[in-house]
Amino acid sequence: MEFGSVIIIIFIILVVAFILYGTLADADFSLMYYHFLAQPKDFRNKVVWITGASSGIGEYLAYNLIKRKARLVLSGVNVERLEAVRNRCLTLSGCADENILLVPFEIDKFDIHDECVKKVLDHFQQIDILVNNAGISQRADFADIDIEVDQKLFNVNVFGTVNLTRKVLKHFLERKKGHVVITSSVAGKLGAPYSSAYTGSKHALHGYFECLRSEMVEENIHVTLVCPGPVFSAITDRCVTGKLGEKYNHTQQATDKKMKTERCCELMVTAIAHKLDECWICIQPILIALYLAQYFPTIFRKVLLKLLFNRQRVMKMRQGR
């Protein structure tokens, strides 16, 4: 076969692969590779602490991990919902009651973080993985947001996560091993319009935890940043606006074009098991948009944003409609 023919065949294969990926993929290349070729077997003897575990990603992550033999610490503010998640975990796994500990608390109450860590260590004597999943979302025009809303979102999404991680990090350093997982967002990689406080908080997480990763290179402590796109989650229903205490009027519908929570958590467990540094989990066309923004930033921002994105289209995309 002539060299020119080989090049043409390779080109056709690459084009077909790109089309298939752009049509079917719901995660970045690395995560897709590990998920299909090296899925995790179990988390036996691992203690995993999940914040924001009463609903959404945190809830389904708990179900996924308990089926893989993990021991769980579930935290959130809704005790009734945490109890329901715990009972579901017991049903799914048949594990002993003591393998699941509830530690309800508000993540932005920084002064009780030491007490919460002590409660976990008194019960399990160890923490292997901390999943920082607690957070709130927000929708409002940049110009219409009161500074108190920015402060609230940063206290919950950023400073609560950072402070709790610092408390647990002391334990990781003593044991000379540990794993910090952060539920960021596609908004942590792109400027999600009409959500500047939320977007800013997710970008801030990347700054803090990329720095932590650099500091922990020689300490056997890993950092995984997970960036989901639109997912069926109660975080959308609890979304705030630009005024403190005001809720954004939005209810999810079964027909919304969002990723199923179960699928997101399946992929997330793979990322955790293989200690991936960063992963993107989202449906198309958002996944392709992430790649374009990452590798062709000027073209993406100066050409595609102006051509393809307007307020109505962006809001529909964010709501899965």
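With hydrogens and angles disregarded, no donor-acceptor distance shorter than 3.5 Å links the side chain of H123 to the backbone of V73. The main-chain N or O of Q284 is never found under 3.5 Å from a side-chain atom of D26 such that the two would form a donor-acceptor pair. Formation of a donor-acceptor pair under 3.5 Å by the T261 side chain with backbone atoms of F232 is found in this model. Panel note: side chain D144, backbone G242; no donor-acceptor pair is recorded below 3.5 Å. Using a distance-only test at 3.5 Å, with no hydrogens or angles considered, a donor-acceptor pair links the side chain of N133 to the main chain of G52. Between the side chain of D42 and the main chain of R44, a donor-acceptor pair closer than 3.5 Å is present. In this structure, the side chain of Q126 engages the main chain of N45 through a donor-acceptor pair within 3.5 Å.
Heavy-atom neighbours of Y34 OH from other residues, nucleotides or ligands within 6.0 Å: at or below the threshold of 12. More than 12 heavy atoms of other residues, nucleotides or ligands lie within 6.0 Å of NZ in K189, so this atom counts as buried by the packing criterion. Under a cut-off of 6.0 angstrom, the local environment of CD in E80 is sparse, with at most 12 non-hydrogen atoms contributed by other residues, nucleotides or ligands.
In this structure, the side chains of L212 and L169 come closer than 4.5 Å at one or more pairs of heavy atoms. In this structure, H206 and C227 have side chains that are in contact, with non-hydrogen atoms separated by less than 4.5 Å. Considering only heavy atoms from C-beta on, E262 comes within 4.5 Å of Y60 through its side chain. Between H171 and V117 the shortest side-chain heavy-atom distance does not fall below 4.5 Å. The shortest side-chain heavy-atom distance between W49 and V131 does not fall under the 4.5 Å cut-off. Annotation: side chain of R139 is in contact with side chain of S137 (closest heavy-atom distance under 4.5 Å). Inter-residue side-chain proximity for V120 and C116 is flagged as unmet; no heavy-atom pair is nearer than 4.5 Å. I182 is listed as a side-chain neighbour of V223, based on a closest heavy-atom distance under 4.5 Å.
Here E266 pairs with R263 in a salt bridge; the nearest charged N to carboxylate O distance falls below 4.0 Å. Using a cut-off of 4.0 Å between Lys/Arg side-chain N and Asp/Glu carboxylate O, R88 and E59 are scored as not salt-bridged. A salt bridge is absent between D128 and R71: the closest approach of a Lys/Arg side-chain nitrogen to an acidic carboxylate oxygen does not fall below 4.0 angstrom. Remark: K243 does not engage E148 in a salt bridge, criterion side-chain N to carboxylate O under 4.0 Å.
Distance check, rounded to the nearest 0.5 Å: CD1 of I50 to OG1 of T183 gives 9.0 Å.
T224 and D277 share no donor-acceptor pair across their side chains, judged by distance under 3.5 Å alone. Side-chain contact, Q138 with S195: no donor N or O sits under 3.5 Å from an acceptor N or O.
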Would you please test T165 and N132 for side-chain hydrogen bond (donor to acceptor under 3.5 Å, both in side chains) and show each step? CA-CA 8 Å; T165 300; N132 291 295; 3.0 Å; yes

Step by step, work out the side chain to side chain contact (heavy atoms under 4.5 Å, CB included) result for I221 and H179. CA-CA 6 Å; I221 295 170; H179 190 181; over 6 Å; no

Start with the C-alpha distance between R213 and E210, add both sets of side-chain angles, then the distance that settles salt bridge (Lys or Arg N to Asp or Glu O under 4.0 Å), and finish with yes or no. CA-CA 5 Å; R213 179 187 290 121; E210 289 290 354; 2.4 Å; yes

Taking it one step at a time, do L173 and K170 satisfy side chain to side chain contact (heavy atoms under 4.5 Å, CB included)? CA-CA 5 Å; L173 289 169; K170 296 176 183 177; 5.8 Å; no

Given side chain to side chain contact (heavy atoms under 4.5 Å, CB included), test H222 with M216 step by step and report yes or no. CA-CA 7 Å; H222 305 274; M216 294 295 111; over 6 Å; no

Test side chain to side chain contact (heavy atoms under 4.5 Å, CB included) on I272 and F43 and set out the steps. CA-CA 10 Å; I272 294 170; F43 285 74; 4.0 Å; yes

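In this structure, M268 is a member of the same hydrophobic cluster as L37, with clusters built from ILVMFWY side-chain heavy atoms closer than 4.5 Å. Cluster membership for V217 and V180, using ILVMFWY side-chain heavy atoms within less than 4.5 angstrom, is not shared. L287 and Y295 fall within the same hydrophobic cluster, where Ile, Leu, Val, Met, Phe, Trp and Tyr residues are linked whenever their side-chain heavy atoms come under 4.5 Å apart, directly or through other members. Y248 and F142 fall into different hydrophobic clusters, defined by Ile, Leu, Val, Met, Phe, Trp and Tyr side-chain heavy atoms under 4.5 Å apart, directly or through other members.
Test N78, V79, L74, V77 against P104 for side chain to side chain contact (heavy atoms under 4.5 Å, CB included) and you get one pass: V79.
Here the closest non-hydrogen pair linking C264 and I57 is SG-CD1, 4.0 Å. The minimum heavy-atom distance linking Y198 with I136 is given by the pair CD1-O, 3.3 Å. Closest non-hydrogen pair, C279 versus A271, comes out as SG-CB, 3.7 Å. Listed here is the closest heavy atom pair of L31 and A27: CD2-CB, 3.8 Å. Between A197 and F154 the shortest heavy-atom distance is O-CE1, 3.9 Å. Counting all heavy atoms, side chain and backbone alike, V103 lies closest to S75 at O-OG, 2.7 Å.
Aromatic rings from F105 and H113 are positioned such that their centres are separated by under 6.0 Å. Close placement of the F29 and Y291 rings is indicated, their centers lying within 6.0 Å of each other.
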